[in-house]
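See below for the structure under consideration.
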There are 2 protein chains.
Amino acid sequence: MGPQNDKNSISDDANQERRPVRADAQRNTDALLQAAMAVFASSGVDAPVREIADRAGVGIGTVYRHFPRRSDLIAAVVRREIDACADAAPVLLASHTPCEALAAWLLRYTDFIAAKRGLAPALHSGDPAYVSLHGYFQERLLPALQGLLDAAIAAGEVRTDIESKELLQAVANLCMSAGKADAAVARRMVGLVVDGLRYGAARTS
Amino acid sequence: MGPQNDKNSISDDANQERRPVRADAQRNTDALLQAAMAVFASSGVDAPVREIADRAGVGIGTVYRHFPRRSDLIAAVVRREIDACADAAPVLLASHTPCEALAAWLLRYTDFIAAKRGLAPALHSGDPAYVSLHGYFQERLLPALQGLLDAAIAAGEVRTDIESKELLQAVANLCMSAGKADAAVARRMVGLVVDGLRYGAARTS
DNA sequence: GACAAAACGGAACAGTGTTCCGTATAATAC
DNA sequence: GTATTATACGGAACACTGTTCCGTTTTGTC
């Protein structure tokens with residue numbers, strides 16, 4: 001439920017008369033996203049917009065042309081990282097056993113959540129740029145986890161009585177409570193959860 | 001150019017005659033705390049310092065004379081509210097039955113936590129002005145709750161198998177997860193907890 | 001190459017927290 | 001009471017944000 005809003009992608013059916021996106025614009029958008037990702041990772045999400053512009057090698061005006069509000073830039077970065085996390089699922093599934101893939105992906109997801117802790121307050125602050133993020137989060141990550149879970153269940157490697165939605169939420173909560181600079185703790189606790197999944201399968205036999 | 005003062009020979013190191021706080025300074029400190037409390041409640045903790053200064057009827061310089069950093073002002077307000085919450089315990093105990101006092105105080109505590117939700121991110125951000133707050137929180141609120149709990153236990157009105165520390169934490173967590181503008185939900189959930197405490201006492205018989 | 005639309009860059013604006021310092025005041029000494 | 005002095009006051013000024021504006025440059029098309 002809820003209207004879909006796509007901001008960055010041009011609708012693909014009505015662009016016959018529409019001029020294509022100019023090459024420099026596309027280049028700068030990419031450079032900005034990459035720079036923002038790096039700056040947010042090193043200086044936190046409160047880093048000045050100018051720092052991102054400098055790192056991307058563009059002027060301030062260009063930043064605001066592509067991302068009218070600072071929060072739009074943040075949201076775009078998070079979107080891109082959600083995509084990267086979701087896309088990792090099938091790759092892992094192709095190169096590992098289902099259960100290994102599930103474990104590896106949950107750790108990947110853990111890192112994602114831990115890196116975004118600084119955002120938690122902003123996400124719940126009602127900024128319109130963020131409201132759609134929550135939906136996108138579920139929309140992309142739930143199917144990704146579900147695929148891994150189904151494969152692991154089909155292989156008889158994990159228990160069958162857990163919902164992907166609950167698991168996603170539980171792991172996120174685990175990481176939230178975990179320490180500030182201590183991602184290792186979070187990973188250890190998630191490891192525990194994975195073992196719990198395995199244990200259920202063993203009991204079933 | 002002797003560096004020493006020829007006239008001033010009165011001991012200055014063991015200065016017991018510390019100049020008392022000037023009356024206007026004390027007055028302004030109080031006015032600032034009161035104004036800050038009101039402004040934070042209505043505009044949130046991100047309200048501009050100037051707004052608080054205006055409301056208190058003082059200049060910006062005066063604010064920064066009493067609270068060198070903005071975070072110091074916030075911390076002082078929170079400290080004062082922690083005090084108010086802690087001081088409410090003996091008052092409630094004197095005017096209610098132990099169990100009623102306990103229930104009433106937990107609701108009071110709930111409101112305090114709910115009002116401070118906007119602060120949660122800042123508190124964990126390592127700002128030196130806030131690090132001492134956590135200790136102060138426990139230092140004042142734990143004894144307050146413990147006194148209520150002891151009285152209720154002595155009266156046989158509640159179960160005996162809960163730690164005040166856990167209860168404090170549990171109620172805080174309950175309020176955190178509760179909705180943004182919906183303090184009623186939090187109060188209802190805390191009511192549930194209180195009933196749980198009573199239930200334990202009934203079973204003991 | 002000429003042209004128009006699109007995008008760029010950065011100066012300028014507005015709103016923060018914070019500092020500085022000349023002025024005013026309260027406590028004290030006489 | 002007056003004189004003195006440490007203390008406190010006020011607000012202009014500074015540094016640093018996010019954001020807007022608009023002249024200039026680049027890109028794609030004919």
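Chain letters run A, B, ... following the sequence lines, proteins first and then strands; every chain starts at 1.
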According to a strict under-4.0 Å criterion, is T62(B) in side-chain N/O contact with OP1 or OP2 of dA8(D)?
no
State whether the side chain of N28(B) and the backbone N or O of A25(B) hold a donor-acceptor pair below 3.5 Å, judged by distance alone.
no
Between C1' of dG17(C) and CD1 of I74(B), the distance in whole Å
11 Å
Without placing hydrogens or testing angles, list every side-chain donor-acceptor pair under 3.5 Å for residues 183-197 of chain A, not counting sequence neighbours.
| residue | atom | partner | partner atom | Å |
| --- | --- | --- | --- | --- |
| R187(A) | NH1 | D111(A) | OD1 | 2.9 |
| R187(A) | NH1 | D111(A) | OD2 | 2.7 |
| D195(A) | OD1 | R198(A) | NH1 | 3.1 |

Grab the CG-C1' distance between D54(B) and dG10(D) for me, whole Å please.
12 Å
Can a donor-acceptor pair be found, under 3.5 Å and without considering hydrogens, that links the side chain of E157(A) to the backbone of A152(A)?
no
Distances under 3.5 Å only, N/O to N/O: pair up the protein atoms with those of nucleotides 20-23 of chain D.
| residue | atom | partner | partner atom | Å |
| --- | --- | --- | --- | --- |
| dT20(D) | OP1 | R69(A) | NH2 | 3.1 |

Could I get a table of every N or O pair under 3.5 Å where one atom is in the protein and the other is in nucleotides 12-16 of chain C?
| residue | atom | partner | partner atom | Å |
| --- | --- | --- | --- | --- |
| dA12(C) | N6 | R50(A) | NH2 | 3.2 |

Show me the donor-acceptor pairs within less than 3.5 Å that the side chains of residues 85-95 of chain A make with the rest of the protein, sequence neighbours left out.
| residue | atom | partner | partner atom | Å |
| --- | --- | --- | --- | --- |
| D87(A) | OD1 | R140(A) | NH2 | 3.0 |
| S95(A) | OG | V91(A) | O | 3.2 |
| S95(A) | OG | L92(A) | O | 3.4 |

Just how far, in rounded Å, is P of dC8(C) from CG of L32(A)?
9 Å
Within less than 4.0 Å of OP1 or OP2 of dA8(D), is there a side-chain N or O belonging to N28(B)?
no
For D30(A) and dC8(C), what is the distance between atoms CG and P respectively, to the nearest whole Å?
12 Å
Does T110(B) use its side chain to pair, donor to acceptor, with the backbone of L106(B) at less than 3.5 Å?
yes
Tell me if a side-chain donor or acceptor on Y109(B) pairs with a main-chain N or O of L168(B) at a distance below 3.5 Å.
yes
Every protein N/O within reach of nucleotides 26-30 of chain D N/O, cut-off under 3.5 Å:
| residue | atom | partner | partner atom | Å |
| --- | --- | --- | --- | --- |
| dT26(D) | O2 | R22(A) | NH1 | 2.9 |
| dT26(D) | O2 | R22(A) | NH2 | 2.9 |
| dT27(D) | O4' | R22(A) | NE | 3.4 |
| dT27(D) | O4' | R22(A) | NH2 | 3.4 |
| dG28(D) | OP1 | A23(A) | N | 3.3 |

So which pairs with a foot in residues 40-49 of chain A pass side chain to side chain donor-acceptor pair (under 3.5 Å), sequence neighbours left out?
S43(A)-E51(A)
Rounded to whole Å, the CG-C1' distance (L73(A) to dT19(D)) equals 14 Å
Checking D83(B) against Y136(B): is there a side-chain donor and acceptor pair closer than 3.5 Å?
yes
When D24(B), T29(B), D30(B) are each screened for side-chain hydrogen bond (donor to acceptor under 3.5 Å, both in side chains) with Q26(B), the one that passes is D30(B)
I'd like to know whether CD of Q146(A) has more than 12 heavy-atom contacts from other residues, nucleotides or ligands below 6.0 angstrom.
yes
If you count every heavy atom of other residues, nucleotides or ligands that lies below 6.0 Å from E81(A) atom CD, does the total exceed 12?
yes
